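None of the values given here were measured: they were computed from a predicted structure.
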Amino acid sequence: NRFKNEFIAIFSHQLRSPLSIFRWSLDALTRKFNDESEPSENKSSYLAILNESAEKMVGVVNMLLEVSRIESDSMILRHDPVRLEVITDQVVRSFSAYARASNVALDYASPAAIPPVNGDAEKIKMVVENLIDNAVRYSLGGGRVAITVFSHASSFVEWRVQDSGMGIPASQQRFIFRKFFRGDGASSRETRGWGLGLFITHSVVGALGGQIGFKSIEGRGTLFWFRLPVYRK
């Protein structure tokens with residue numbers, strides 16, 4: 001109940017902020033369009049703000065819909081050959097600016113000769129994004145996040161992300177994949193989040209026939225890993 005109440009408070013705040021920005025920008029844009037002397041560049045900037053706010057709100061709603069599908073056992077998954085290393089490369093490039101702004105080094109070398117995994121490319125990308133986002137977010141300035149992808153035995157491909165951040169207290173590790181849970185580190189650093197990312201990640205990996213886990217030492221960093229089965233026709 002405490003986790004749920006905290007989630008509701010965070011969710012309300014996260015949704016209220018883009019809604020407020022959206023309303024303010026829309027009001028300002030309406031005034032600008034009525035003013036023929038207003039430069040078009042100013043109008044375009046307000047449109048960009050509106051678009052960004054809308055994307056944030058859609059992201060929040062999509063996350064809640066994903067949780068609803070998981071709990072009602074109605075999540076739809078594809079089972080296609082997916083190149084995990086290619087998805088990882090795309091996500092790493094999209095996170096590079098965020099990592100630099102956080103003063104965190106993001107290391108990844110795309111491996112060669114990795115077989116495709118059995119999965120849903122869109123859902124797997126969401127898993128990779130969640131884990132890299134957490135690793136960068138909870139790393140201390142000047143830290144390092146290392147990502148590796150490799151074949152595990154002959155039937156799985158394993159994905160790992162190791163950070164040099166604050167780590168997860170041993171007393172909280174059993175809750176880490178629980179819905180609504182946010183650790184003390186998230187609260188103390190006031191990081192954004194709804195306590196749903198790892199819950200969704202755990203559910204997606206399990207639904208695809210994979211395995212997921214982590215190792216963490218408080219004050220020394222965390223390693224998250226997951227394995228997905230190699231694609232078989």
Side-chain angles (χ1 to χ4, degrees), residues 63 66-67 69-70 73 75-100 102 104-140 143-168 170 173-178 196-218 220-233:
M63 181 171 286
E66 204 65 55
V67 171
R69 293 187 189 105
I70 290 169
D73 199 25
M75 181 170 57
I76 299 173
L77 291 171
R78 299 178 62 87
H79 292 277
D80 300 323
V82 177
R83 307 296 307 198
L84 184 53
E85 75 278 15
V86 173
I87 287 178
T88 303
D89 183 64
Q90 294 170 349
V91 175
V92 167
R93 280 190 278 112
S94 70
F95 271 79
S96 59
Y98 170 47
R100 285 196 301 271
S102 303
V104 173
L106 198 56
D107 295 339
Y108 172 67
S110 185
I114 298 294
V117 298
N118 176 54
D120 184 310
E122 182 181 345
K123 296 293 194 298
I124 292 173
K125 183 178 181 182
M126 181 171 59
V127 167
V128 172
E129 287 175 339
N130 280 338
L131 294 177
I132 293 179
D133 185 29
N134 281 346
V136 174
R137 190 189 317 169
Y138 293 110
S139 289
L140 304 176
R144 176 175 175 268
V145 170
I147 302 152
T148 53
V149 184
F150 57 93
S151 294
H152 181 82
S154 60
S155 55
F156 286 89
V157 172
E158 182 163 324
W159 187 97
R160 292 185 175 188
V161 59
Q162 172 74 61
D163 67 54
S164 55
M166 62 182 65
I168 304 167
Q173 292 185 11
R174 60 196 172 103
F175 303 120
I176 204 67
F177 293 119
R178 186 173 294 185
L196 294 174
L198 287 176
F199 169 75
I200 293 173
T201 294
H202 183 271
S203 301
V204 168
V205 171
L208 290 172
Q211 305 161 347
I212 187 169
F214 69 96
K215 295 180 181 178
S216 185
I217 300 176
E218 189 172 5
R220 296 179 60 183
T222 302
L223 167 70
F224 272 94
W225 61 268
F226 67 86
R227 298 173 190 146
L228 291 175
V230 170
Y231 178 78
R232 309 288 186 192
K233 290 186 179 179

Side chain to side chain contact (heavy atoms under 4.5 Å, CB included) assessment of V145 paired with F95: CA-CA 11 Å; V145 170; F95 271 79; over 6 Å; no

Any Q162 side-chain heavy atom under 4.5 Å of T148 side chain: no

V92 and V128, any side-chain heavy atoms less than 4.5 Å apart: no

Closest non-hydrogen atom pair between A113 and S151, with its separation: O-OG, 4.5 Å

Atom of S139, atom of S164 and distance for their closest heavy-atom approach: OG-N, 4.0 Å

Any side-chain heavy-atom pair of T222 and Y138 under 4.5 Å: no

Derivation and outcome, side chain to side chain contact (heavy atoms under 4.5 Å, CB included), residues I147 and V91: CA-CA 11 Å; I147 302 152; V91 175; over 6 Å; no

Note, D133 side chain near Y98 side chain (heavy atom, < 4.5 Å): yes

Within-4.5 Å side-chain heavy-atom neighbours: S154 and V230: no

Pairs where residues 109-130 contributes a residue and the test side-chain hydrogen bond (donor to acceptor under 3.5 Å, both in side chains) is met, not counting sequence neighbours: H79-N118, N130-T201

Inter-residue atom distance N134.CG - D163.CG, 0.5 Å rounding: 9.0 Å

W225 side, atom CH2; K215 side, atom NZ - distance, nearest 0.5 Å: 9.0 Å

Side-chain heavy-atom pair I114, L84 within 4.5 angstrom cut-off: no

Minimum-distance pair of heavy atoms, taken over all atoms of V82 and G119: CG2-O, 3.4 Å

Worked check of side chain to side chain contact (heavy atoms under 4.5 Å, CB included) between V204 and M75: CA-CA 9 Å; V204 168; M75 181 170 57; 4.1 Å; yes

Any V117 side-chain heavy atom under 4.5 Å of F156 side chain: no

Side-chain heavy atoms of F226 within contact of L131, under 4.5 Å: yes

Considering all heavy atoms, the nearest F224-I176 contact: CZ-CG1, 4.3 Å

Side chain E158, main chain V149, donor-acceptor under 3.5 Å: no

Considering all heavy atoms, the nearest G221-S216 contact: O-OG, 3.4 Å

R174 atom CZ, neighbour heavy-atom count above 12 within 6.0 Å: no

Nearest atoms (heavy-atom pairs only) where F214 meets Q173: CZ-O, 3.5 Å

Gap between atom CH2 of W159 and atom CG of L228 - 0.5 Å precision: 11.0 Å

Any donor-acceptor N/O pair, Y108 side chain to R93 backbone, under 3.5 Å: no

